[in-house]
Every structure is written in structure tokens, then in C-alpha cells.
*Asks:* 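This is the structure, below, for whatever I ask next.
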Amino acid sequence: MRIRPIDLVDVLVYLVVLGVFVQLFPAVLSETFLLSLLTAVLLKVVLELVLWVKKRIVGRIRSGTTRTVRAVNVATLVLVLPGSKFLVLELVALAFGDAVQLGGFLAVTALIVVLMLARSGMRRFLAKSEQRPSTAAASV
């Protein structure tokens with residue numbers, strides 16, 4: 001797997017959001033900056049995996065030929081959504097022990113929602129900035 005520049009941007013966005021959550025919510029804890037950075041990288045990997053799984057399930061729902069197939073895939077999606085939050089909590093606990101805590105299920109759900117919104121916002125911002133002609137090139 002190749003690391004793209006947008007992946008690094010995602011990690012930096014995740015790091016900022018995680019830092020804000022550490023400051024605002026007492027249940028979210030990271031003892032050091034390095035642990036926050038490593039947590040942001042772990043979140044990036046896990047969330048990319050979860051997004052990949054969700055896209056595949058949604059594709060199977062759309063391509064399902066019978067109601068039974070669609071119902072099974074919808075049920076799978078309903079299980080994956082909350083299950084991914086528990087996966088994040090367990091992987092963080094396994095990787096960092098008590099040095100990093102993301103709170104409980106509700107706190108990590110809020111964190112993941114904000115991470116996804118921030119990621120989407122940054123990607124849209126970067127896409128718009130790539131579409132604009134460079135003013136520096138025009139002044140040369």
C-alpha cells in the first residue's frame with residue numbers, strides 16, 4: 001500500500017481533532033503528543049478499513065437481486081456500524097493500554113463522526129483549491 005499525501009493530511013486532521021477532544025472531554029485522554037500522533041495513525045488505518053468494508057456492503061446491498069440478500073447485507077451493515085466503534089476502543093486499549101483512553105462508546109462515536117466530518121471538509125477544501133488557477137503563476 002502506497003502512502004499518498006492525502007493520507008498524511010488525514011492523519012494531521014485526526015491529530016488536531018483528537019487533541020481538541022482531549023482538551024474538551026475528560027474521558028478522552030492521551031498522555032503525550034507522541035501517543036496522540038500514534039493514535040491518529042491507528043485511527044486512520046482502522047477507519048480506512050471500516051470505510052472499505054462499509055462500501056463493499058453498500059455495493060452488495062445495491063446489487064442484491066433478492067430481498068433476502070439485501071436484508072442480510074443491511075443487517076450486516078447495522079452490525080458493522082457500532083461494531084467498528086468497539087473495534088477502535090479495543091485496538092486503542094490493546095496498543096496503548098491506559099496511556100490513551102477514548103472514553104466510552106458515545107465518546108468514541110462522537111469522535112469518529114467529527115473525524116469523518118473534518119476529513120470530508122478538508123478533502124473538499126483541497127479539491128476546490130486544486131481547481132483554482134494559481135495566482136502566483138499568473139503574476140510571473
Side-chain angles (χ1 to χ4, degrees):
M1 183 173 138
R2 191 173 66 99
I3 297 176
R4 303 167 300 165
I6 195 70
D7 295 325
L8 297 175
V9 171
D10 287 346
V11 169
L12 291 176
V13 167
Y14 289 5
L15 179 62
V16 169
V17 171
L18 183 60
V20 169
F21 268 69
V22 167
Q23 290 293 314
L24 296 179
F25 300 103
V28 180
L29 170 71
S30 180
E31 290 185 2
T32 66
F33 176 79
L34 181 58
L35 286 173
S36 293
L37 179 60
L38 293 173
T39 303
V41 170
L42 178 66
L43 287 169
K44 170 68 177 164
V45 170
V46 172
L47 294 178
E48 287 296 326
L49 176 67
V50 169
L51 285 174
W52 179 78
V53 169
K54 285 172 33 179
K55 284 180 185 177
R56 294 211 28 152
I57 294 171
V58 169
R60 289 169 54 186
I61 291 170
R62 290 184 179 152
S63 67
T65 55
T66 66
R67 288 185 183 181
T68 305
V69 170
R70 286 185 179 176
V72 168
N73 286 315
V74 167
T76 303
L77 185 61
V78 168
L79 292 174
V80 165
L81 293 176
S84 64
K85 281 47 165 201
F86 289 115
L87 176 66
V88 167
L89 286 170
E90 288 303 315
L91 286 175
V92 167
L94 181 67
F96 306 115
D98 290 337
V100 176
Q101 297 175 5
L102 297 181
F105 181 78
L106 294 178
V108 81
T109 300
L111 175 65
I112 290 173
V113 167
V114 173
L115 287 173
M116 293 291 100
L117 290 173
R119 170 191 167 161
S120 175
M122 183 55 71
R123 287 180 176 216
R124 286 184 183 176
F125 173 76
L126 291 174
K128 285 182 181 179
S129 67
E130 288 177 359
Q131 292 174 356
R132 290 188 207 138
S134 175
T135 56
S139 65
V140 173

*Asks:* For a 4.5 angstrom cut-off between non-hydrogen side-chain atoms, does Val114 reach Phe21?
*Replies:* yes

*Asks:* Could you give the distance from CG (Leu15) to NZ (Lys44), rounded to the nearest 0.5 Å?
*Replies:* 14.0 Å

*Asks:* Does this structure show an ion pair linking Glu48 with Arg119, if we count only N-O contacts that are shorter than 4.0 Å?
*Replies:* yes

*Asks:* Which atom names give the shortest non-hydrogen contact between Leu18 and Ala40, and what distance separates them?
*Replies:* CD2-N, 4.4 Å

*Asks:* Indicate, with yes or no, if Leu51 and Leu111 share a hydrophobic cluster defined by side-chain heavy-atom contacts under 4.5 Å among Ile, Leu, Val, Met, Phe, Trp and Tyr.
*Replies:* yes

*Asks:* Does a side-chain heavy-atom distance below 4.5 Å link Asp10 with Met122?
*Replies:* no

*Asks:* Could you give me the CA-CA distance, side-chain angles and deciding distance for Leu43 and Val11, then say whether side chain to side chain contact (heavy atoms under 4.5 Å, CB included) is met?
*Replies:* CA-CA 8 Å; Leu43 287 169; Val11 169; over 6 Å; no

*Asks:* Supply the atom-to-atom distance Leu77 CG to Arg60 CZ, rounded to the nearest 0.5 angstrom.
*Replies:* 11.0 Å

*Asks:* Count I, L, V, M, F, W, Y as connected when their side-chain heavy atoms are under 4.5 Å apart, and connections chain through other members. Are Leu91 and Leu29 then in the same cluster?
*Replies:* no

*Asks:* Examine Leu115 and Leu24 and state if one hydrophobic cluster contains both, with Ile, Leu, Val, Met, Phe, Trp and Tyr joined whenever side-chain heavy atoms are less than 4.5 Å apart.
*Replies:* yes

*Asks:* Here's a test for you: under side-chain contact (heavy atoms from CB on, under 4.5 Å), which of Val100, Val92, Leu38 qualifies with Ser30?
*Replies:* Val100

*Asks:* Which pair of non-hydrogen atoms, one from Ala107 and one from Leu102, has the smallest distance, and what is that distance?
*Replies:* CB-O, 3.5 Å

*Asks:* Counting only N and O atoms by type, is there a donor-acceptor contact under 3.5 Å from the side chain of Arg70 to the main-chain atoms of Ile61?
*Replies:* yes

*Asks:* Begin from the C-alpha positions of Tyr14 and Leu47 and carry the test side chain to side chain contact (heavy atoms under 4.5 Å, CB included) through to its verdict.
*Replies:* CA-CA 11 Å; Tyr14 289 5; Leu47 294 178; 4.0 Å; yes

*Asks:* So, the side chain of Ser120 versus the backbone of Met116: is there a donor-acceptor pair under 3.5 Å, distance only?
*Replies:* no

*Asks:* Determine the sole option in Thr76, Val80, Leu49 for which the side-chain contact (heavy atoms from CB on, under 4.5 Å) test with Lys54 is passed.
*Replies:* Val80

*Asks:* Among the clusters formed by ILVMFWY side chains lying less than 4.5 Å apart, do Val20 and Val17 turn up in the same one?
*Replies:* yes

*Asks:* Does the pair Phe96 and Leu42 meet the rule for a side chain to side chain contact (heavy atoms under 4.5 Å, CB included), with working shown?
*Replies:* CA-CA 11 Å; Phe96 306 115; Leu42 178 66; 4.0 Å; yes

*Asks:* Under the side chain to side chain contact (heavy atoms under 4.5 Å, CB included) criterion, do Leu126 and Val9 qualify, and how do the steps go?
*Replies:* CA-CA 10 Å; Leu126 291 174; Val9 171; 4.0 Å; yes

*Asks:* Counting heavy atoms not belonging to Phe105, are there more than 12 under 6.0 Å from its CZ?
*Replies:* yes

*Asks:* Applying a strict under-4.5 Å side-chain criterion to I, L, V, M, F, W and Y, I'd like to know whether Val28 and Val16 cluster together.
*Replies:* no

*Asks:* So, are Arg2 and Asp7 salt-bridged, with charged N and O less than 4.0 Å apart?
*Replies:* no

*Asks:* Would the number of heavy atoms belonging to other residues, nucleotides or ligands and lying under 6.0 Å from CZ of Arg56 be above 12?
*Replies:* no

*Asks:* Grab the two heavy atoms, one from Leu35 and one from Glu31, that are nearest each other, plus how far apart they are.
*Replies:* CD1-CB, 4.1 Å

